[in-house]
Amino acid sequence: MSETFTSVSQEEAGFRDRVRLSFDLDADICVIGAGLAGLSIALEAARLGASVAVLEGRHVGWNASGNQLGTVMPGFALPLADLIERIGFEDARELWALSKEGAEFVRANATEENMPGIAPSDGVLEVSNVDAGDRLISRLQMLHEDFDTEVEGWQVDRVRETLKTDRYFHGVYYPRAFQVDGRKYVHGLAALARRAGALIFEETPVVSIDHSGIRKRIVTPSARLRATHIVLAGNIHLGAPLKRLSETLLPVWRYAGITAPLGERLHEMIAFKGSVMDSDGVDHFRIVDGDRLMWESPETTWAARPQRFAGAVRRRIRTIFPELGNVEITEMFGGATGQTVHGMPQIGQLRKGLWVASGFGRQGMNTSAMAGQMIARSILWGDDRWKLFSPFELVWAGGTTGRVAGQLVGIWGRAGSAAAGLLARYRERAIIKDREREARLAEANRAAGTGPRRPPPGVRPQPVPPPKPAAQDAEQGTEPVSHEVGVSQQA
(Lines give C-alpha, C1' and ligand atoms only; values in the text may rest on other atoms or scores of the structure.)
Protein backbone atom coordinates (compact mmCIF):
# COMPACT_ATOMS: atom_id res chain seq x y z
CA MET A 1 0.00 0.00 0.00
CA SER A 2 1.15 3.50 -0.69
CA GLU A 3 1.20 5.92 2.19
CA THR A 4 0.17 9.55 1.99
CA PHE A 5 1.80 11.30 4.87
CA THR A 6 1.16 14.92 4.07
CA SER A 7 -2.50 14.87 3.07
CA VAL A 8 -4.72 15.13 6.16
CA SER A 9 -8.37 15.94 6.44
CA GLN A 10 -9.57 19.18 8.00
CA GLU A 11 -10.61 17.32 11.13
CA GLU A 12 -7.18 15.62 11.40
CA ALA A 13 -5.44 18.94 10.84
CA GLY A 14 -7.30 20.41 13.82
CA PHE A 15 -9.65 22.76 11.92
CA ARG A 16 -12.86 21.22 13.26
CA ASP A 17 -14.66 22.95 16.09
CA ARG A 18 -12.85 22.19 19.33
CA VAL A 19 -14.89 21.46 22.42
CA ARG A 20 -13.80 23.25 25.60
CA LEU A 21 -14.88 22.19 29.08
CA SER A 22 -17.39 24.86 30.05
CA PHE A 23 -19.46 22.99 32.64
CA ASP A 24 -18.73 21.09 35.84
CA LEU A 25 -18.29 17.37 35.29
CA ASP A 26 -17.81 14.11 37.20
CA ALA A 27 -15.90 11.16 35.74
CA ASP A 28 -14.23 7.96 36.85
CA ILE A 29 -10.92 8.92 35.24
CA CYS A 30 -9.51 12.30 34.25
CA VAL A 31 -6.60 12.17 31.79
CA ILE A 32 -4.47 15.30 31.45
CA GLY A 33 -2.90 15.44 28.00
CA ALA A 34 -4.29 14.39 24.61
CA GLY A 35 -1.17 12.90 23.10
CA LEU A 36 -0.47 9.25 22.31
CA ALA A 37 -0.32 8.17 25.96
CA GLY A 38 -3.37 10.09 27.16
CA LEU A 39 -5.53 9.00 24.23
CA SER A 40 -4.43 5.36 24.57
CA ILE A 41 -5.44 5.42 28.24
CA ALA A 42 -8.77 7.06 27.40
CA LEU A 43 -9.52 4.55 24.65
CA GLU A 44 -8.67 1.48 26.71
CA ALA A 45 -10.48 2.70 29.83
CA ALA A 46 -13.59 3.69 27.85
CA ARG A 47 -13.64 0.28 26.17
CA LEU A 48 -13.52 -1.31 29.63
CA GLY A 49 -16.57 0.66 30.70
CA ALA A 50 -15.17 3.64 32.63
CA SER A 51 -16.32 7.22 32.20
CA VAL A 52 -13.31 9.19 30.95
CA ALA A 53 -12.64 12.90 30.44
CA VAL A 54 -9.47 14.10 28.67
CA LEU A 55 -8.25 17.66 29.25
CA GLU A 56 -5.86 19.17 26.69
CA GLY A 57 -4.44 22.68 26.99
CA ARG A 58 -4.05 23.11 23.22
CA HIS A 59 -5.33 20.52 20.75
CA VAL A 60 -5.04 16.80 20.08
CA GLY A 61 -1.51 15.70 19.17
CA TRP A 62 -0.14 19.25 18.96
CA ASN A 63 3.36 18.34 20.19
CA ALA A 64 5.58 15.32 19.52
CA SER A 65 2.64 12.87 19.34
CA GLY A 66 1.41 14.52 16.15
CA ASN A 67 4.88 15.15 14.71
CA GLN A 68 6.65 11.82 14.60
CA LEU A 69 7.56 9.29 11.93
CA GLY A 70 5.16 6.60 13.13
CA THR A 71 7.63 3.72 13.51
CA VAL A 72 6.28 0.96 15.76
CA MET A 73 8.60 -1.71 17.12
CA PRO A 74 9.26 -3.45 20.46
CA GLY A 75 11.69 -2.15 23.02
CA PHE A 76 12.57 0.99 24.94
CA ALA A 77 14.93 3.92 24.61
CA LEU A 78 17.21 2.15 27.11
CA PRO A 79 19.30 -0.51 25.27
CA LEU A 80 18.31 -4.07 26.09
CA ALA A 81 21.69 -5.00 27.58
CA ASP A 82 21.48 -2.03 29.97
CA LEU A 83 17.91 -2.95 30.89
CA ILE A 84 18.99 -6.49 31.84
CA GLU A 85 21.88 -5.13 33.88
CA ARG A 86 19.56 -2.74 35.71
CA ILE A 87 16.66 -5.03 36.67
CA GLY A 88 17.71 -8.60 35.88
CA PHE A 89 16.94 -10.99 33.06
CA GLU A 90 13.44 -12.16 34.05
CA ASP A 91 12.00 -8.68 34.69
CA ALA A 92 13.59 -7.44 31.47
CA ARG A 93 11.81 -10.26 29.61
CA GLU A 94 8.48 -9.22 31.12
CA LEU A 95 8.98 -5.56 30.20
CA TRP A 96 10.00 -6.51 26.68
CA ALA A 97 6.85 -8.64 26.34
CA LEU A 98 4.77 -5.64 27.49
CA SER A 99 6.43 -3.45 24.87
CA LYS A 100 5.44 -6.00 22.21
CA GLU A 101 1.86 -5.87 23.51
CA GLY A 102 1.95 -2.11 23.07
CA ALA A 103 3.04 -2.51 19.44
CA GLU A 104 0.17 -4.95 18.84
CA PHE A 105 -2.27 -2.45 20.40
CA VAL A 106 -1.23 0.06 17.73
CA ARG A 107 -1.48 -2.57 14.99
CA ALA A 108 -5.00 -3.53 16.05
CA ASN A 109 -6.16 0.11 16.01
CA ALA A 110 -4.29 1.30 12.91
CA THR A 111 -6.44 -0.46 10.34
CA GLU A 112 -8.14 1.00 7.30
CA GLU A 113 -11.50 0.20 8.89
CA ASN A 114 -10.70 2.17 12.05
CA MET A 115 -8.53 4.88 10.52
CA PRO A 116 -9.11 5.35 6.78
CA GLY A 117 -5.91 6.22 4.93
CA ILE A 118 -3.58 5.10 7.74
CA ALA A 119 -1.92 2.59 5.31
CA PRO A 120 0.45 0.66 7.61
CA SER A 121 3.54 -0.88 6.02
CA ASP A 122 5.76 -3.60 7.46
CA GLY A 123 9.45 -3.81 8.21
CA VAL A 124 12.02 -1.80 10.16
CA LEU A 125 15.76 -1.98 9.47
CA GLU A 126 18.29 -0.90 12.09
CA VAL A 127 21.70 -0.36 10.52
CA SER A 128 25.07 -0.02 12.22
CA ASN A 129 27.46 2.86 11.64
CA VAL A 130 30.44 0.60 12.41
CA ASP A 131 31.42 -2.96 11.58
CA ALA A 132 29.73 -4.82 14.45
CA GLY A 133 29.42 -8.37 13.12
CA ASP A 134 30.33 -10.19 16.36
CA ARG A 135 27.99 -8.11 18.49
CA LEU A 136 25.27 -8.56 15.90
CA ILE A 137 25.31 -12.35 16.24
CA SER A 138 24.98 -12.31 20.03
CA ARG A 139 22.22 -9.70 19.86
CA LEU A 140 20.25 -11.67 17.30
CA GLN A 141 20.50 -14.80 19.43
CA MET A 142 19.29 -12.97 22.51
CA LEU A 143 16.36 -11.30 20.76
CA HIS A 144 15.24 -14.47 19.01
CA GLU A 145 15.86 -17.11 21.67
CA ASP A 146 15.43 -15.22 24.94
CA PHE A 147 12.98 -12.45 24.02
CA ASP A 148 10.85 -14.26 21.42
CA THR A 149 11.29 -11.52 18.82
CA GLU A 150 11.36 -12.20 15.10
CA VAL A 151 14.58 -10.72 13.70
CA GLU A 152 16.98 -11.23 10.80
CA GLY A 153 20.64 -10.34 10.58
CA TRP A 154 21.74 -8.61 7.38
CA GLN A 155 25.33 -8.77 6.24
CA VAL A 156 27.10 -5.69 4.89
CA ASP A 157 26.58 -6.66 1.25
CA ARG A 158 22.83 -6.97 1.67
CA VAL A 159 22.56 -3.68 3.54
CA ARG A 160 24.49 -1.85 0.84
CA GLU A 161 22.57 -3.54 -1.92
CA THR A 162 19.39 -2.20 -0.33
CA LEU A 163 20.74 1.21 0.71
CA LYS A 164 23.21 2.60 -1.83
CA THR A 165 25.67 4.12 0.63
CA ASP A 166 28.91 3.03 2.26
CA ARG A 167 27.93 4.68 5.55
CA TYR A 168 26.27 1.56 6.95
CA PHE A 169 27.58 -1.91 7.71
CA HIS A 170 25.48 -4.70 9.25
CA GLY A 171 21.76 -4.51 9.92
CA VAL A 172 19.02 -6.00 12.08
CA TYR A 173 15.71 -6.44 10.28
CA TYR A 174 12.44 -6.56 12.25
CA PRO A 175 9.82 -8.03 9.89
CA ARG A 176 7.00 -7.67 12.46
CA ALA A 177 7.73 -4.00 13.13
CA PHE A 178 5.79 -1.50 11.06
CA GLN A 179 5.03 2.16 10.48
CA VAL A 180 1.93 4.28 10.09
CA ASP A 181 1.20 7.90 9.28
CA GLY A 182 1.91 9.38 12.70
CA ARG A 183 -0.33 12.40 12.25
CA LYS A 184 -3.30 10.38 11.15
CA TYR A 185 -2.77 7.85 13.92
CA VAL A 186 -3.02 10.31 16.82
CA HIS A 187 -6.19 11.88 15.41
CA GLY A 188 -7.59 8.46 14.59
CA LEU A 189 -6.90 7.43 18.18
CA ALA A 190 -8.89 10.43 19.41
CA ALA A 191 -11.79 9.48 17.11
CA LEU A 192 -11.77 5.91 18.44
CA ALA A 193 -11.72 7.16 22.04
CA ARG A 194 -14.70 9.45 21.37
CA ARG A 195 -16.51 6.59 19.69
CA ALA A 196 -15.90 4.43 22.78
CA GLY A 197 -17.46 7.12 24.99
CA ALA A 198 -14.51 9.23 26.17
CA LEU A 199 -14.98 13.01 26.33
CA ILE A 200 -12.07 15.07 24.96
CA PHE A 201 -11.88 18.76 25.80
CA GLU A 202 -9.32 20.85 23.91
CA GLU A 203 -8.04 24.34 24.72
CA THR A 204 -8.78 23.49 28.35
CA PRO A 205 -5.64 23.98 30.44
CA VAL A 206 -5.48 22.73 34.01
CA VAL A 207 -5.14 25.54 36.54
CA SER A 208 -4.81 23.45 39.70
CA ILE A 209 -5.19 19.91 41.02
CA ASP A 210 -6.24 18.73 44.48
CA HIS A 211 -5.34 15.05 44.59
CA SER A 212 -6.23 14.49 48.24
CA GLY A 213 -9.27 12.46 49.20
CA ILE A 214 -11.19 9.81 47.29
CA ARG A 215 -12.61 12.24 44.72
CA LYS A 216 -9.87 14.42 43.27
CA ARG A 217 -10.63 17.94 42.04
CA ILE A 218 -9.31 19.52 38.86
CA VAL A 219 -9.82 23.22 38.16
CA THR A 220 -9.84 24.66 34.62
CA PRO A 221 -10.44 28.29 33.56
CA SER A 222 -14.17 27.72 32.95
CA ALA A 223 -15.20 24.68 34.97
CA ARG A 224 -14.33 22.09 37.60
CA LEU A 225 -14.02 18.36 37.21
CA ARG A 226 -14.07 15.62 39.83
CA ALA A 227 -12.63 12.15 39.30
CA THR A 228 -11.60 9.11 41.30
CA HIS A 229 -8.38 8.77 39.31
CA ILE A 230 -6.16 11.34 37.61
CA VAL A 231 -3.62 10.31 34.99
CA LEU A 232 -0.83 12.79 34.20
CA ALA A 233 0.03 12.25 30.54
CA GLY A 234 1.21 15.72 29.59
CA ASN A 235 4.91 14.98 29.14
CA ILE A 236 7.06 18.11 29.72
CA HIS A 237 4.05 20.43 29.35
CA LEU A 238 2.15 19.59 32.53
CA GLY A 239 2.63 23.20 33.58
CA ALA A 240 2.71 25.01 36.89
CA PRO A 241 0.38 22.66 38.81
CA LEU A 242 2.86 19.81 38.34
CA LYS A 243 6.13 21.60 37.67
CA ARG A 244 8.16 19.27 39.88
CA LEU A 245 7.04 16.29 37.83
CA SER A 246 7.84 18.06 34.55
CA GLU A 247 11.33 18.77 35.85
CA THR A 248 12.10 15.04 35.97
CA LEU A 249 12.12 15.10 32.16
CA LEU A 250 14.78 16.47 29.85
CA PRO A 251 13.04 18.14 26.89
CA VAL A 252 14.55 17.14 23.56
CA TRP A 253 13.21 18.63 20.34
CA ARG A 254 13.57 16.38 17.33
CA TYR A 255 13.08 17.78 13.82
CA ALA A 256 12.18 16.12 10.54
CA GLY A 257 11.73 17.18 6.95
CA ILE A 258 9.98 15.88 3.86
CA THR A 259 11.58 16.33 0.44
CA ALA A 260 10.01 17.28 -2.84
CA PRO A 261 9.21 14.31 -5.13
CA LEU A 262 12.49 12.68 -6.15
CA GLY A 263 11.24 10.24 -8.80
CA GLU A 264 12.90 6.94 -9.61
CA ARG A 265 16.34 8.02 -8.42
CA LEU A 266 15.06 7.73 -4.83
CA HIS A 267 14.17 4.06 -5.32
CA GLU A 268 17.55 3.45 -6.94
CA MET A 269 19.20 4.69 -3.75
CA ILE A 270 16.74 3.21 -1.21
CA ALA A 271 15.18 -0.13 -2.09
CA PHE A 272 13.50 -0.58 1.29
CA LYS A 273 9.82 0.10 1.92
CA GLY A 274 9.91 0.42 5.70
CA SER A 275 11.71 2.63 8.20
CA VAL A 276 15.50 2.78 8.48
CA MET A 277 17.28 3.95 11.62
CA ASP A 278 20.92 3.85 12.59
CA SER A 279 22.19 2.17 15.71
CA ASP A 280 23.39 5.46 17.25
CA GLY A 281 19.99 7.15 17.01
CA VAL A 282 21.28 9.88 14.69
CA ASP A 283 19.20 9.30 11.55
CA HIS A 284 15.71 7.91 10.99
CA PHE A 285 14.11 7.94 7.54
CA ARG A 286 11.69 6.29 5.13
CA ILE A 287 9.97 6.83 1.81
CA VAL A 288 6.50 8.43 1.85
CA ASP A 289 4.04 9.46 -0.86
CA GLY A 290 5.74 7.07 -3.28
CA ASP A 291 8.84 9.13 -4.11
CA ARG A 292 9.44 11.55 -1.24
CA LEU A 293 11.91 11.06 1.56
CA MET A 294 10.99 11.80 5.17
CA TRP A 295 14.11 12.28 7.28
CA GLU A 296 14.53 12.93 10.99
CA SER A 297 17.93 13.90 12.30
CA PRO A 298 18.66 17.19 14.11
CA GLU A 299 17.82 17.53 17.79
CA THR A 300 18.24 20.17 20.47
CA THR A 301 17.26 20.74 24.08
CA TRP A 302 15.92 24.20 23.19
CA ALA A 303 12.78 25.06 21.24
CA ALA A 304 13.25 26.51 17.76
CA ARG A 305 11.28 26.98 14.57
CA PRO A 306 11.46 23.73 12.58
CA GLN A 307 12.18 25.64 9.36
CA ARG A 308 15.57 26.60 10.77
CA PHE A 309 16.69 22.98 10.43
CA ALA A 310 15.75 22.46 6.78
CA GLY A 311 19.37 23.05 5.76
CA ALA A 312 20.65 20.56 8.33
CA VAL A 313 18.27 17.86 7.08
CA ARG A 314 19.24 18.58 3.46
CA ARG A 315 22.96 18.36 4.28
CA ARG A 316 22.48 15.14 6.20
CA ILE A 317 20.67 13.50 3.29
CA ARG A 318 23.47 14.60 0.96
CA THR A 319 26.06 13.17 3.36
CA ILE A 320 24.45 9.73 3.50
CA PHE A 321 23.20 9.55 -0.10
CA PRO A 322 25.42 11.95 -2.11
CA GLU A 323 23.98 10.75 -5.41
CA LEU A 324 20.61 12.26 -4.48
CA GLY A 325 22.27 15.65 -4.67
CA ASN A 326 20.99 18.80 -2.98
CA VAL A 327 17.34 17.86 -2.46
CA GLU A 328 14.57 20.36 -1.80
CA ILE A 329 12.87 20.25 1.61
CA THR A 330 9.22 21.22 1.22
CA GLU A 331 8.00 20.67 4.78
CA MET A 332 9.56 20.73 8.26
CA PHE A 333 8.01 19.66 11.54
CA GLY A 334 9.12 18.80 15.04
CA GLY A 335 8.13 18.28 18.63
CA ALA A 336 9.56 17.88 22.11
CA THR A 337 9.89 14.47 23.72
CA GLY A 338 10.55 14.07 27.42
CA GLN A 339 13.56 11.93 28.18
CA THR A 340 14.22 10.55 31.63
CA VAL A 341 17.64 10.36 33.24
CA HIS A 342 17.53 6.54 33.29
CA GLY A 343 16.07 6.20 29.77
CA MET A 344 12.89 4.34 30.75
CA PRO A 345 9.32 5.71 30.72
CA GLN A 346 7.56 6.89 33.86
CA ILE A 347 4.57 4.59 34.35
CA GLY A 348 2.82 3.99 37.64
CA GLN A 349 0.92 5.31 40.64
CA LEU A 350 2.45 8.27 42.46
CA ARG A 351 -0.11 8.08 45.25
CA LYS A 352 -3.55 6.53 45.57
CA GLY A 353 -5.58 7.61 42.56
CA LEU A 354 -2.79 9.73 41.00
CA TRP A 355 -1.04 8.11 38.03
CA VAL A 356 1.72 9.13 35.65
CA ALA A 357 2.41 8.08 32.04
CA SER A 358 5.28 10.06 30.59
CA GLY A 359 8.93 10.14 29.55
CA PHE A 360 8.69 7.88 26.50
CA GLY A 361 11.55 9.51 24.59
CA ARG A 362 12.05 8.41 20.99
CA GLN A 363 10.39 5.02 21.46
CA GLY A 364 6.96 6.52 22.01
CA MET A 365 4.57 4.68 19.72
CA ASN A 366 4.66 1.26 21.38
CA THR A 367 5.50 2.39 24.93
CA SER A 368 2.69 4.96 25.11
CA ALA A 369 0.25 2.30 23.92
CA MET A 370 1.66 -0.10 26.51
CA ALA A 371 1.19 2.54 29.21
CA GLY A 372 -2.40 3.07 28.13
CA GLN A 373 -3.23 -0.58 28.48
CA MET A 374 -1.39 -1.02 31.79
CA ILE A 375 -2.84 1.99 33.58
CA ALA A 376 -6.42 1.43 32.41
CA ARG A 377 -6.26 -2.21 33.44
CA SER A 378 -4.59 -1.34 36.73
CA ILE A 379 -7.38 1.09 37.61
CA LEU A 380 -10.26 -1.12 36.49
CA TRP A 381 -8.95 -4.66 36.91
CA GLY A 382 -6.28 -4.33 39.61
CA ASP A 383 -3.48 -5.37 37.23
CA ASP A 384 -0.25 -4.51 39.05
CA ARG A 385 2.31 -5.07 36.30
CA TRP A 386 3.06 -1.35 36.37
CA LYS A 387 5.20 -2.17 39.42
CA LEU A 388 7.80 -3.55 37.02
CA PHE A 389 8.68 0.10 36.39
CA SER A 390 9.22 0.83 40.10
CA PRO A 391 13.05 0.56 39.83
CA PHE A 392 12.98 3.55 37.47
CA GLU A 393 12.12 6.24 39.96
CA LEU A 394 11.46 9.90 39.27
CA VAL A 395 14.82 11.66 39.00
CA TRP A 396 15.32 15.40 38.62
CA ALA A 397 16.67 16.11 35.14
CA GLY A 398 18.86 19.02 36.22
CA GLY A 399 16.82 22.04 35.10
CA THR A 400 18.67 24.51 32.87
CA THR A 401 22.02 22.92 33.69
CA GLY A 402 20.64 19.55 32.67
CA ARG A 403 19.43 20.93 29.36
CA VAL A 404 22.84 22.47 28.62
CA ALA A 405 24.52 19.20 29.57
CA GLY A 406 22.04 17.26 27.47
CA GLN A 407 22.75 19.44 24.45
CA LEU A 408 26.51 18.96 24.89
CA VAL A 409 26.12 15.22 25.37
CA GLY A 410 24.00 15.08 22.21
CA ILE A 411 26.61 17.00 20.23
CA TRP A 412 29.36 14.81 21.67
CA GLY A 413 27.39 11.66 20.88
CA ARG A 414 26.79 12.68 17.27
CA ALA A 415 30.43 13.63 16.89
CA GLY A 416 31.49 10.33 18.44
CA SER A 417 29.19 8.42 16.12
CA ALA A 418 30.59 10.29 13.12
CA ALA A 419 34.18 9.62 14.22
CA ALA A 420 33.50 5.92 14.85
CA GLY A 421 31.85 5.61 11.45
CA LEU A 422 34.73 7.41 9.74
CA LEU A 423 37.26 5.10 11.42
CA ALA A 424 35.25 2.00 10.48
CA ARG A 425 35.06 3.09 6.84
CA TYR A 426 38.82 3.91 6.83
CA ARG A 427 39.62 0.43 8.15
CA GLU A 428 37.34 -1.13 5.57
CA ARG A 429 39.04 0.77 2.74
CA ALA A 430 42.48 -0.16 4.12
CA ILE A 431 41.55 -3.86 4.16
CA ILE A 432 40.23 -3.64 0.60
CA LYS A 433 43.40 -1.89 -0.58
CA ASP A 434 45.61 -4.54 1.10
CA ARG A 435 43.67 -7.31 -0.62
CA GLU A 436 43.89 -5.55 -3.97
CA ARG A 437 47.65 -5.02 -3.51
CA GLU A 438 48.17 -8.70 -2.62
CA ALA A 439 46.11 -9.75 -5.62
CA ARG A 440 48.15 -7.51 -7.95
CA LEU A 441 51.44 -8.83 -6.51
CA ALA A 442 50.33 -12.43 -6.89
CA GLU A 443 49.27 -11.76 -10.48
CA ALA A 444 52.61 -10.09 -11.24
CA ASN A 445 54.52 -13.04 -9.76
CA ARG A 446 52.55 -15.47 -11.87
CA ALA A 447 53.17 -13.42 -15.00
CA ALA A 448 56.94 -13.18 -14.34
CA GLY A 449 57.29 -16.79 -13.25
CA THR A 450 58.94 -15.69 -10.03
CA GLY A 451 56.26 -16.71 -7.64
CA PRO A 452 56.81 -19.42 -5.07
CA ARG A 453 57.45 -22.79 -6.79
CA ARG A 454 56.05 -26.04 -5.56
CA PRO A 455 58.09 -29.28 -5.71
CA PRO A 456 56.94 -31.97 -8.16
CA PRO A 457 54.29 -34.33 -6.78
CA GLY A 458 55.74 -37.04 -4.56
CA VAL A 459 59.04 -35.24 -4.01
CA ARG A 460 59.61 -33.96 -0.50
CA PRO A 461 61.96 -31.00 -0.19
CA GLN A 462 65.22 -31.84 1.60
CA PRO A 463 66.22 -29.69 4.55
CA VAL A 464 69.35 -27.63 4.00
CA PRO A 465 72.01 -28.11 6.69
CA PRO A 466 73.20 -24.95 8.36
CA PRO A 467 76.56 -23.64 7.04
CA LYS A 468 79.66 -24.26 9.08
CA PRO A 469 81.58 -21.28 10.39
CA ALA A 470 84.69 -20.32 8.38
CA ALA A 471 86.98 -20.87 11.39
CA GLN A 472 85.74 -24.44 11.79
CA ASP A 473 86.33 -25.09 8.08
CA ALA A 474 89.92 -23.88 8.41
CA GLU A 475 90.59 -26.13 11.39
CA GLN A 476 89.28 -29.15 9.50
CA GLY A 477 91.32 -28.23 6.42
CA THR A 478 88.35 -27.99 4.11
CA GLU A 479 87.25 -25.39 1.62
CA PRO A 480 84.28 -23.24 2.61
CA VAL A 481 81.03 -24.27 0.90
CA SER A 482 78.78 -21.98 -1.02
CA HIS A 483 75.65 -20.79 0.82
CA GLU A 484 73.48 -20.91 -2.26
CA VAL A 485 70.50 -23.15 -1.68
CA GLY A 486 70.56 -26.36 -3.72
CA VAL A 487 74.08 -25.75 -5.25
CA SER A 488 77.18 -27.69 -4.09
CA GLN A 489 80.89 -27.24 -4.87
CA GLN A 490 83.37 -30.09 -5.09
CA ALA A 491 86.98 -29.73 -4.08
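Along the sequence shown, the residues carry numbers beginning at 1. Owing to the predicted nature of the structure, the values given are computational and were not obtained by experimental measurement.
The OG atom of S297 lies 13.5 Å from the CZ atom of R314; values are rounded to the nearest 0.5 Å. Rounded to the nearest 0.5 angstrom, I347 CD1 and M370 CE are separated by 3.5 Å. A distance of 5.0 Å separates CD of E299 from CZ of R254, quoted to the nearest 0.5 Å. Atom CD of E161 and atom CH2 of W154 lie 9.0 Å apart (nearest 0.5 Å). Atoms CZ and OG, on R135 and S279 in that order, are 7.5 Å from each other to the nearest 0.5 Å. Atoms CG and CD, from L354 and Q349 in turn, are 8.0 Å apart once rounded to the nearest 0.5 Å.
Taking every heavy atom of both residues into account, E44 and F105 meet most closely at OE1-CE1, 3.4 Å. Contact between G75 and N366 at its shortest, heavy atoms only, is O-ND2, 3.2 Å. When all heavy atoms of V186 and G66 are compared, the pair lying nearest together is CG1-CA, 4.0 Å. The heavy-atom pair separating I41 from A357 by the smallest distance is CD1-CB, 3.9 Å. In plain terms, the two heavy atoms of G334 and P306 that are nearest each other are N-CG, 4.1 Å. Residue G171 comes nearest to V159 through the heavy atom pair N-CG2, 3.7 Å, listed as atom of the first residue, atom of the second, then distance.
Looking at E328, its side chain never comes within 3.5 Å of a backbone N or O of A260 through a donor-acceptor pair. A donor-acceptor contact shorter than 3.5 Å links the side chain of Y255 to the backbone of A304. With hydrogens and angles disregarded, no donor-acceptor distance shorter than 3.5 Å links the side chain of S390 to the backbone of L388. Proximity of a side-chain donor or acceptor of R377 to a complementary backbone N or O of L48 within less than 3.5 Å is not detected. Using modelled atom types, no side-chain atom of T220 and backbone atom of T204 make a donor-acceptor pair closer than 3.5 Å. A distance-only check finds no donor-acceptor pair linking the side chain of Q339 to the backbone of G343 [under 3.5 Å]. E150 places no side-chain N or O within 3.5 Å of a backbone atom of A177 that could act as its donor or acceptor partner. Without hydrogens or angle criteria, N63 side chain to A336 main chain gives a donor-acceptor distance under 3.5 Å. Remark: the backbone N or O of D283 is paired with a side-chain donor or acceptor of D278 at under 3.5 angstrom. Between the side chain of R292 and the backbone N or O of T259 there is at least one donor-acceptor pair closer than 3.5 Å.
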> Between E268 and K164, is a salt bridge (charged side-chain N to carboxylate O under 4.0 Å, His left out) present by the stated rule, with each step listed?
Replying inline: CA-CA 8 Å; E268 293 172 1; K164 297 299 190 297; over 6 Å; no
>> Assess the residue pair H211 and L350 against the criterion (side-chain contact (heavy atoms from CB on, under 4.5 Å)); give the C-alpha distance rounded to whole Å, side-chain angles, the decisive distance to 0.1 Å, and a yes or no.
In response: CA-CA 11 Å; H211 46 69; L350 300 176; over 6 Å; no
> Does the pair N129 and Y168 meet the rule for a side-chain contact (heavy atoms from CB on, under 4.5 Å), with working shown?
Replying inline: CA-CA 5 Å; N129 292 316; Y168 302 133; 3.5 Å; yes
> What's the verdict on side-chain contact (heavy atoms from CB on, under 4.5 Å) for M294 and F333, showing C-alpha distance, side-chain angles and the deciding distance?
Replying inline: CA-CA 11 Å; M294 181 166 61; F333 57 92; 3.9 Å; yes
>> Run the side-chain contact (heavy atoms from CB on, under 4.5 Å) test on M115 and L192 for me, step by step, so that the C-alpha distance in whole Å, both residues' side-chain angles and the decisive distance to 0.1 Å come before the verdict.
In response: CA-CA 9 Å; M115 303 176 183; L192 287 178; 3.7 Å; yes
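Within a 6.0 Å radius of CZ in R265, more than 12 heavy atoms belonging to other residues, nucleotides or ligands are found. Within a 6.0 Å sphere centred on NE2 of H267, other residues, nucleotides and ligands contribute more than 12 heavy atoms. D148 CG: 12 or fewer foreign heavy atoms inside a 6.0 Å radius. The neighbour count for E145 CD, taken as heavy atoms of other residues, nucleotides or ligands under 6.0 Å away, is above 12. Within a 6.0 Å radius of CD in E85, other residues, nucleotides and ligands contribute 12 heavy atoms or fewer. Applying the 6.0 Å contact sphere to CD of E152 captures more than 12 heavy atoms from other residues, nucleotides or ligands.
Annotation: salt bridge (Lys or Arg N to Asp or Glu O under 4.0 Å) contacts of R47 (sequence neighbours excluded): none. With sequence neighbours excluded, no residue forms a salt bridge (Lys or Arg N to Asp or Glu O under 4.0 Å) with R318.
Residues S121 and Q179 have side chains that bring a donor and an acceptor to within less than 3.5 angstrom of each other. Looking at Q346 and T248, their side chains do bring a donor and an acceptor atom within 3.5 Å of each other.
When side chains are defined from C-beta on, I375 does not count as touching I29, because their heavy atoms never get closer than 4.5 Å. Residues F360 and N235 have side chains not in contact (no heavy-atom distance under 4.5 Å, counting atoms from C-beta outward). M269 has its side chain within reach of E323: a pair of non-hydrogen atoms, C-beta onward, lies under 4.5 Å apart. Contact of the I200 side chain with the V60 side chain is registered, since non-hydrogen atoms from C-beta on lie closer than 4.5 Å. In this structure, the side chains of R362 and V252 stay at 4.5 Å or more apart for every pair of heavy atoms. Taking 4.5 Å as the limit, every side-chain heavy atom of F392 sits out of range of all side-chain heavy atoms of T340. Within the 4.5 Å cutoff, side-chain heavy atoms of S40 are placed close to those of L189. Counting heavy atoms from C-beta outward, V207 and P205 have side chains that stay 4.5 Å or more apart.
Applying the side-chain hydrogen bond (donor to acceptor under 3.5 Å, both in side chains) test to residues at least two apart or on different chains, the pairs with a partner in residues 88-104 are W96-T149, E104-R107, E104-R176.
Between Y173 and F272, the angle of the ring planes goes over 60°, which puts this pair in the perpendicular group of the 30/60° scheme. Note on ring orientation: taking the six-membered ring where Trp is involved, the planes of F321 and F285 are perpendicular (angle over 60°, cut-offs 30° and 60°).
For an aromatic pair to be called close, the ring centres must be under 6.0 Å apart, and F89 with F147 satisfies this.
R160 forms a cation-pi arrangement with F169, by the criterion of a distance under 6.0 Å to the ring centre and an angle within 45° of the ring axis.
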